[in-house]
Amino acid sequence: MLHPDHPRPSSELAPERDPRVLGELLADGSMVLYHTASRKLMTLNPTAALVWEYCDGLHTVAAITDEVRAVFPTVSTISTDVEGVLHDLRAREMLRLPQAAS
Amino acid sequence: MTGPSTRFGHDVVRRTVDGRGVAVAVPDEGDRHAVEAILSGFPDASARDTAAHAPYALRREATGLWELWSGATRTHQTTTLEDALLALEWQLVTDMLARIDDRCHLHGAALADPSGTVSVLVLGESGVGKTTLTLALMARGFRPFTDDVILLDPETLEPRTFERAFHVDQTTRALVDALPHGPDWEVPGMPDGYFMPATWAGDPLPVGAVIVPKARDHERPLLVALPIAEAATTLLTFSGSLEHAPALALKTTARLTATAPCYALYGGPLERTAQFLSEAVEEMSQRKAAHF
């Protein structure tokens, strides 16, 4: 969950996976990430794994949110959930997320 | 400083460790017998097999200290033979593991169940009781693939036998001695603190379960299934391959967690825990046999 004080990523930014991070999909749809430089591990639930897959530098946050909403149409908190996942990924330095222009 | 390779031309222990010839020069006869004993699980090697690699050397200096050399580099200096043997074995295995990129290394023990149907991996940090549990399961008919270094074939996901001597401290020995059918500790020439099983698992077997000992203070032993993501993190935490072969470690972990359940073991008294785990593995083994 995104902390209320945390700056939200602009919906027009396109987050990108750090190329030093390896990800492996697990049998239950969750995913494990390994940062080869920091040697940190991170696990993602299936929803977060879906977000991760779309972090290709091409999909904007808004586009990722739309894609995830298409998979989980009945979930009303998709936007917040996606922002929370992106925040966690960025906090663990698994992601490149350009700063919004001031 | 001159390395030992120029000083010693004989009195060498030669073994094949994971397919590579290893030579250890040990000038002192008593020390050499101890080295031969702790490395006795590894097959003999010829001088020709070991010629391509810089030799190790373990020697007692006039100062009373033991020195371990790897080629021309002194890697360890110890005050006791026991510590020198530990250092030698650690160095040999560490050097071996550094070369491996075709198998997954996990820190833990692996055993074949008594029926020879499945293998069980026991993962954990040093001191958590892996060796104690392994010895207790062996007393119930399990056969070891390894006590400390699991080498998994990434294709078949099966552990391979790694016949390294067990390190058995006094606490472990006392616990295992209290079992109804403890092992025969008396292996000729084996230094204190080491144990070499009389039999090993032999043929590889698919992994039936991964066990992660968590505690030993439960009156009634308990196995708690870990969710797949937690199982994967646990396996990777005990992976020796993650740093130098991360893609292999991740893929192997994903496949292993898809095929073998991973349990946290909340153990109690050793005999009760071994019996409990033995019965649980027997059930897994029967299910596996029925499946095939």
Side-chain angles (χ1 to χ4, degrees), chain A residues 1-2 15-57 64 67-68 71-72 75 77-78 80-96, chain B residues 97-98 101 103-108 121 123-125 152-157 206-210 212 224-264 284 287-288 291:
Chain A
M1 180 65 72
L2 194 66
E16 184 177 6
R17 298 185 287 268
D18 188 314
R20 296 170 298 177
V21 177
L22 299 177
E24 194 69 34
L25 195 62
L26 303 175
D28 63 352
S30 61
M31 181 174 252
V32 61
L33 304 182
Y34 176 65
H35 197 301
T36 56
S38 67
R39 297 174 180 173
K40 286 179 182 168
L41 285 166
M42 181 178 184
T43 55
L44 305 177
N45 65 26
T47 308
L50 188 60
V51 172
W52 173 257
E53 291 297 336
Y54 284 113
C55 290
D56 53 7
I64 293 172
E67 295 286 0
V68 177
V71 176
F72 303 102
V75 179
T77 57
I78 290 295
T80 310
D81 292 347
V82 168
E83 287 174 4
V85 170
L86 292 174
H87 168 60
D88 288 347
L89 288 167
R90 198 177 179 204
R92 304 276 194 103
E93 299 176 332
M94 300 290 182
L95 210 56
R96 291 174 173 176
Chain B
L97 292 173
D101 58 6
R103 278 154 296 163
C104 250
H105 165 214
L106 290 167
H107 184 59
L121 310 186
L123 305 183
E125 299 288 355
L152 272 186
D153 183 314
E155 294 299 320
T156 64
L157 302 179
V207 178
V210 180
V212 186
V224 177
L226 300 181
I228 285 180
E230 189 176 347
T233 307
T234 301
L235 283 163
L236 290 167
T237 300
F238 295 115
S239 170
S241 301
L242 186 58
E243 281 189 28
H244 69 270
L248 179 72
L250 288 166
K251 283 191 186 308
T252 305
T253 296
R255 291 185 57 220
L256 188 57
T257 53
T259 56
C262 184
Y263 299 96
M284 295 171 200
R287 282 202 300 270
K288 195 90 175 178
H291 180 70

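Proteins come first, then strands; the chains are lettered A, B, ... in the order of their sequence lines, and each starts at number 1.
For A/E67, the CD atom counts as densely surrounded, since its 6.0 Å shell holds more than 12 non-hydrogen atoms of other residues, nucleotides or ligands.
In this structure, the side chain of B/T252 engages the main chain of B/L248 through a donor-acceptor pair within 3.5 Å. Between the side chain of B/S239 and the main chain of B/L235, no donor-acceptor pair closer than 3.5 Å is present.
For B/T257, the part lying near chain A is the side chain, with the backbone staying farther off; criterion is any non-hydrogen pair under 4.5 Å. Proximity to chain B (any heavy atom under 4.5 Å) is shown, for A/L22, by both the backbone and the side chain. Contacts between B/A229 and chain A at a heavy-atom distance below 4.5 Å involve backbone atoms as well as side-chain atoms. When heavy atoms are compared at a cutoff of 4.5 Å, A/L44 does not approach chain B at all.
Taking both residues in full, the closest heavy atoms of A/P15 and A/I64 are given as CG-CD1, 3.7 Å, listed atom of the first, atom of the second, then distance.
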